[in-house]
There are 2 protein chains.
Amino acid sequence: MLKKLENSKEACDIHHRAIRDTMDILSGKWKLQIVGSLSLGKKHFGGLMAHIDGIGAKMLSKELQDLELNGLVKRTVYNTKPITVEYELTSYGNSLQPLVDEIVAWGMQHRRKLRDKD
Amino acid sequence: MLKKLENSKEACDIHHRAIRDTMDILSGKWKLQIVGSLSLGKKHFGGLMAHIDGIGAKMLSKELQDLELNGLVKRTVYNTKPITVEYELTSYGNSLQPLVDEIVAWGMQHRRKLRDKD
DNA sequence: CTGTATCCTGTAAGATACTG
DNA sequence: CAGTATCTTACAGGATACAG
């Protein structure tokens, strides 16, 4: 029995599930921006706060915990005085780079398109 | 004056803004799934309802309007009896294909990774 | 078949104050 | 510096009923 119908219900469900899986992990207003920020290099909590315009301590803390839980971000505490904490992408977090790149690229061309139209 | 510092505040802001621009347009639980669905071919309203598991008429209608407003989806009404409506991606909507592909690919490998771990 | 109108709820997310 | 605790609010999104 040949595997016809790539456009079958089953194949589509797999696609939809994949979209949901990814977006669940990256859901919310800030996660992608955090990943984008960290893709440029490790940063302290305060550095992220300064780098990501508009985010508050509560949201940043919460989103970082989510990302850490999903293995995308690694958190390292240093016994400086006062303590500092460094956040960086794991190698798994870096696997999001192509995705982030596409999102950035599309957003940039979209803005260009809107500007040229006006 | 050379353009040093690609990692400058300005360059980063452009990235962050691009991410926000894209995600604003694709925000919500359903838009990406709708785009993914339509990327496989034009569909009727009912077809989309059946194809996208769990979505209700209200959300589907609202999200389609949003997508249409942003020029990603084209809506065509046919004077059949009763009327039918066809939705399809515009060429601009199709420009999201690489982005959707990345999201699908990441979601699939993520699910594979979780399965192999257990 | 293709929606809209209402009503209802949970939760994302902001503001503020506080702590080790 | 790096967060947590608490309070509040807006809005996304679901259920149901109805309409052209």
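The sequence lines fix the lettering, A, B, ..., with proteins before strands; numbering per chain opens at 1. Values below: every heavy atom of this structure, side chains too, minus hydrogens, waters and symmetry copies.
Using a 4.0 Å heavy-atom cutoff across all strands shown, B:Y78 reaches no nucleic acid atom at all. Counting non-hydrogen atoms under 4.0 angstrom, A:G56 reaches nothing in the nucleic acid. Using a 4.0 Å heavy-atom cutoff across all strands shown, B:E86 reaches no nucleic acid atom at all.
In this model, a side-chain donor or acceptor of A:K58 finds a partner on the base of C:dG14 within 3.5 Å.
Listed by residue number, A:G28, A:K29, A:W30 are the residues of residues 19-33 of chain A with a heavy-atom contact under 4.0 Å to DNA chain C.
For B:R75, counting side-chain heavy atoms from C-beta on, the closest listed nucleotide (D:dC1, C:dG3, D:dG14) is C:dG3. For B:I83, the side-chain atoms get nearest to C:dT2 when compared with the rest of C:dT4, D:dA2, C:dT2. Nearest to the side chain of B:S61, among C:dT4, C:dC1, D:dG3, sits C:dT4. For A:M59, taking side-chain heavy atoms from C-beta onward, the closest of the listed nucleotides C:dT2, C:dA13, D:dA2 is C:dA13.
Using the six-membered ring where Trp is involved, A:H51 and B:H16 have ring planes that are perpendicular, over 60° apart on the 30 and 60° scheme.
Both A:F45 and B:A57 lie close to DNA chain D; mapped to their nearest nucleotides by heavy-atom distance, the more 5′-ward contact belongs to A:F45. Nearest-nucleotide positions on DNA chain C place B:L64 closer to the 5' end than the other of A:K62 and B:L64. Heavy-atom distances to DNA chain C give each of A:P82 and A:I55 a nearest nucleotide, and the one nearer the 5′ end belongs to A:I55.
At a threshold of 4.0 Å, the pair B:D66-B:K62 counts as salt-bridged, since one of the basic side-chain nitrogens sits closer than that to a carboxylate oxygen.
Between B:E63 atom CD and C:dT2 atom P there is a gap of 18 Å when expressed in whole angstrom units. Atom CG of B:L60 is separated from atom P of C:dT2 by 10 Å (rounded to the nearest Å). Between the P atom of C:dG20 and the NZ atom of A:K81 lies a distance of 16 Å, rounded to the nearest Å. Rounded to whole Å, atom P of D:dC1 lies 13 Å from atom CG of A:L48.
Here the closest non-hydrogen pair linking A:L48 and A:S37 is CD2-CB, 3.9 Å.
Remark: B:Q65 is in phosphate contact with C:dT4, judged by side-chain N or O atoms under 4.0 Å from OP1 or OP2. OP1 or OP2 of D:dG3 sits under 4.0 Å from a side-chain N or O of A:Y87.
The backbone N or O of A:W106 sits nowhere less than 3.5 Å from a side-chain atom of B:T22 that would complete a donor-acceptor pair.
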